[in-house]
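Only one structure is covered here, and it is reproduced in the block below.
One is the number of the first residue; the rest follow in order along the sequence. As the structure is a computational prediction, the values presented were derived from the model and not from experiment.
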Amino acid sequence: MSIFDKIKQGQLPSDETILKLLDDPFIDKDNQEEIKKYISILTNSLQSAQLTQEQLMIAKVLFVLETLVGDEHAVYNFIDRAFRLYMHEVDLDFIEFLNTFLVKVGPHRLFDILNQQISTLHTLPKKQMRSFFNWVLHEVWSLKEYHNNSKFKMLYPNLQQLLYQLRDSGRIDDMMYVEFFTYHIMGNSFHTIDEWREFNQTITQETIKAYKNIIPQLPKPNPKKKDKKRIAFVKDRIVFNSPFMVEYSLFRNLLSNEEFRKNYEIIVYSFNQFEKSDDDENCILDLQDIGVRVKSPVSYFKQDGYYNNHLDKALTLRQVMIDDDIDIMLAGGVFPILNFLYVSRVAPLQIYYSHGNCAYDVPNIDKRISHFEQECKEFEWNVINVPLAREFLVGNEGEKIVADIIKQDYKQQFGEDVVILGTIGRLIKLDSDEYIQTIAKIMKENPNTIYLACGSGNEDNIREKIKKYGIDEERFIFTGHVKPHVYGWVIDVWINTYPLRQGHSQEEYLAKQHGWAVEGEFLIDCKEKNDYERIYNNFLKDRAEFFYEVFEVTPDDIDENVSYDRLRFNVYKKHNKDINEESILKCIEHVEEAKDCKDKWFRIVDCAIKNKDYYDMHRWVLNRLRDVKQKYQQKDIEKFLSILEV
């Protein structure tokens with residue numbers, strides 16, 4: 001009995017039948033006209049079907065029938081119909097089936113389908129349009145084969161066009177949701193600050209125009225005079241991630257300062273962006289334990305699930321903050337709700353805290369701070385050194401024991417003299433021709449090396465580059481998601497990625513004080529001919545006292561013939577008499593011969609692998625940098641207090 005005969009008898013096609021037809025389409029040449037009549041009837045039935053389960057069954061049958069008549073749009077049509085379903089009403093069996101279906105479709109075809117769908121979404125009712133994005137975000141994005149896939153960037157032009165259509169038609173809530181989706185997807189795909197500049201110009205600056213008719217009707221902030229000024233730190237959600245660790249450490253340092261405690265209180269507001277994940281109760285308790293108040297005044301929007309109203313959420317949060325008499329607002333990120341708060345002004349002083357996107361710019365940002373030097377020199381930045389809490393950086397003894405076991409396994413596999421290179425973080429940061437080309441050169445020159453690519457994301461592009469530059473695939477290992485406090489002990493040489501650099505994960509690695517790291521400072525401006533002049537201009541000029549103490553130099557010591565590496569060596573020599581000067585100086589000369597950024601970077605790592613003295617010198621200097629940093633904690637608190645003055 002044919003597939004069509006079974007359908008005529010009322011038998012629904014099994015999931016196995018559908019997946020088989022997807023892999024190996026079969027055309028039923030004997031029943032073409034009759035099948036087409038069934039397709040027409042079922043298409044009309046689908047439009048009138050009220051129950052999600054009924055719509056689902058019809059969508060499955062239509063896919064089979066359209067495949068049997070050779071319809072080239074069958075796959076597109078099925079995904080389009082599936083992604084319009086109200087996702088809270090489908091069962092887990094269908095989600096499991098759909099995930100398998102999407103993986104079999106493959107990235108090339110799927111992203112082309114998604115792009116086509118986005119171009120028509122402005123014609124759909126609110127619920128169906130939101131369903132599309134919910135399915136993409138919570139199913140496609142979560143699949144290993146698609147997570148952080150660089151092909152998501154293909155959607156950017158059509159998403160931008162959709163945002164403009166929604167803005168111009170007054171669908172502000174829909175616009176805000178699509179903007180959140182675009183920020184989330186593109187923010188995990190962008191490599192450079194120039195991409196964030198384009199996002200700010202073409203997305204953020206355009207969408208905030210939608211608020212021009214709302215803002216004049218809103219109450220203005222007018223906080224009353226009180227014993228302590230209230231600082232609102234606004235977050236999309238309170239979860240354990242790199243920004244949380246930095247912010248927690250900042251709060252703890254501030255609250256340990258008597259002057260700050262006397263004059264200020266901190267309230268963390270979460271707008272609980274549960275589309276990404278819920279607030280973490282343990283993180284909330286950690287904040288409360290150090291004296292930070294935590295509020296999530298819009299959590300009740302969760303009753304609407306992934307279909308909640310972002311505009312109403314922003315308006316509610318704004319009113320709560322005004323009622324709470326907020327004097328100062330700090331926030332980071334590029335979420336539409338934050339855009340709305342900034343633009344509508346919710347506090348007399350509003351401060352943007354950059355964790356990486358220095359290009360973000362909307363009206364009513366009064367000051368900007370960060371915990372590291374920022375690339376966007378068009379803005380004035382206040383860099384606040386935040387020594388991270390040690391418990392976030394080092395981990396525990398149990399994790400170190402696990403790391404030793406893993407390391408022994410690699411030694412058994414690749415030899416006792418194996419040197420383990422690697423990084424930990426989003427794999428998108430490895431997706432760079434220059435980076436992989438440099439790694440290839442290092443690994444070819446040092447056959448006793450392996451590279452651990454620790455993290456999740458877009459493996460396919462990186463694998464293509466590995467083949468392109470001739471890296472032995474057995475020596476370039478994708479570990480998947482790992483515990484940083486385990487693999488931080490496994491990696492011998494941490495090689496920072498570029499142009500998209502590592503962040504908190506590198507701080508964790510350095511804090512363990514066991515390996516060695518090629519830091520971004522060797523890459524950022526290494527095209528400059530005069531190394532020492534670069535160091536003076538980029539570092540000593542801005543934080544002169546700090547770096548004078550680290551390197552024990554004064555402006556009088558500046559000599560254009562002294563390289564950065566020789567400067568480090570001179571400091572190291574003062575503190576370590578029993579060193580092999582000849583071998584270190586030979587390495588320094590080897591590094592100084594580099595003509596470009598990639599070559600210099602290769603030579604530094606090459607020396608670190610082959611010359612223990614050179615390796616030890618750099619590790620000592622990096623540890624000294626960290627130790628001196630701790631001494632400047634109090635000065636940065638005083639600097640932060642001055643920033644809080646209106």
Give the C-alpha distance, both sets of side-chain angles, the deciding distance and a yes or no for side-chain contact (heavy atoms from CB on, under 4.5 Å) between Ile337 and Phe180. CA-CA 9 Å; Ile337 290 176; Phe180 149 72; over 6 Å; no
Audit row: Arg475, Thr449, side chain to side chain donor-acceptor pair (under 3.5 Å) steps and yes/no: CA-CA 7 Å; Arg475 292 168 56 206; Thr449 57; 3.1 Å; yes
Can the positive tip of Arg167 be found less than 6.0 Å from the middle of the six-membered ring of Tyr164, inside 45° of the ring normal? yes
Side-chain donor-acceptor contact under 3.5 Å, Glu399 with His485: no
Could you walk me through whether His310 and Glu275 satisfy the side chain to side chain donor-acceptor pair (under 3.5 Å) test, starting with their C-alpha distance in whole Å, then the side-chain angles of each, then the deciding distance to 0.1 Å, before giving a yes or no? CA-CA 11 Å; His310 284 217; Glu275 289 90 345; 2.9 Å; yes
Under the side chain to side chain contact (heavy atoms under 4.5 Å, CB included) test against Ile39, which residue among Ile41, Leu42, Thr43 passes? Thr43
Non-hydrogen side-chain atoms of Trp141 and Val136 separated by less than 4.5 Å: no
Is Lys441 positioned over the aromatic face of Phe602, cation under 6.0 angstrom from the ring centre and no more than 45 degrees off axis? yes
side-chain contact (heavy atoms from CB on, under 4.5 Å) filter on Lys104, not counting sequence neighbours, yields Leu19, Leu22, Asp23, Thr100
side-chain contact (heavy atoms from CB on, under 4.5 Å) for Met186 and Leu159? Distances and angles first, verdict last. CA-CA 11 Å; Met186 298 307 147; Leu159 286 170; 4.0 Å; yes
Paired with Tyr360, the side chain to side chain donor-acceptor pair (under 3.5 Å) test is passed by just one of Asn200, Thr204, Asn339, namely Asn339
Taking the basic N atoms (NZ, or NE/NH1/NH2) and the acidic carboxylate oxygens, is any pair closer than 4.0 Å for Asp173 and Lys126? yes
Going by side-chain contact (heavy atoms from CB on, under 4.5 Å), name the residues that satisfy it together with Ser354, two or more places apart in sequence or in a different chain. Tyr352, Cys358, Ser370, Gln374, Trp381
Please assess Asn134 against Tyr177 for the test side chain to side chain donor-acceptor pair (under 3.5 Å), listing each intermediate value before the final yes or no. CA-CA 10 Å; Asn134 287 339; Tyr177 182 87; 2.9 Å; yes
Option from Ile462, Asn461, Asp431 for which side chain to side chain contact (heavy atoms under 4.5 Å, CB included) with Ile436 holds: Ile462
Intermediate values then yes/no, salt bridge (charged side-chain N to carboxylate O under 4.0 Å, His left out), Lys468 and Asp433: CA-CA 9 Å; Lys468 179 179 177 181; Asp433 275 283; 3.1 Å; yes
Set out, in order, the CA-CA distance, both residues' side-chain angles and the distance that settles side chain to side chain donor-acceptor pair (under 3.5 Å) for Thr123 and Thr120, then state yes or no. CA-CA 6 Å; Thr123 65; Thr120 65; 5.1 Å; no
Any luck finding a side-chain donor-acceptor pair between Asp28 and Asn31 under 3.5 Å? yes
Considering non-hydrogen atoms only, spot the tightest contact between Pro13 and Lys60 and give its length. CG-O, 4.4 Å
Ring geometry between Tyr183 and Trp196 (parallel below 30°, tilted from 30 to 60°, perpendicular above 60°): tilted
Any residue meeting ring-ring contact (aromatic ring centres under 6.0 Å, His included) with His88, in chain and number order, not counting sequence neighbours: Tyr86, Tyr306, Tyr307
With side chains defined as the heavy atoms from C-beta onward, is the minimum distance between Met87 and Ile95 less than 4.5 Å? no
Less than 3.5 Å apart, any donor N or O on the side chain of Tyr300 or Asn272 sitting next to an acceptor on the other? no
Kindly indicate whether the side chain of Met129, heavy atoms from C-beta on, has any atom under 4.5 Å from the side chain of Phe83. no
Residue pairs fulfilling ring-ring contact (aromatic ring centres under 6.0 Å, His included) with at least one residue in residues 36-68, sequence neighbours excluded: Phe4-Tyr38, Phe63-Phe78, Phe63-Phe101
Can you establish whether the number of heavy atoms outside Glu54 located under 6.0 Å from its atom CD is more than 12? yes
For Phe340, all residues meeting ring-ring contact (aromatic ring centres under 6.0 Å, His included), sequence neighbours excluded: Tyr211
Test side chain to side chain contact (heavy atoms under 4.5 Å, CB included), reference Leu143, set Leu110, Asn149, Leu102, output is Leu102
Restricting to ring-ring contact (aromatic ring centres under 6.0 Å, His included), what partner residues turn up for Phe476, sequence neighbours left out? Tyr451, Phe478
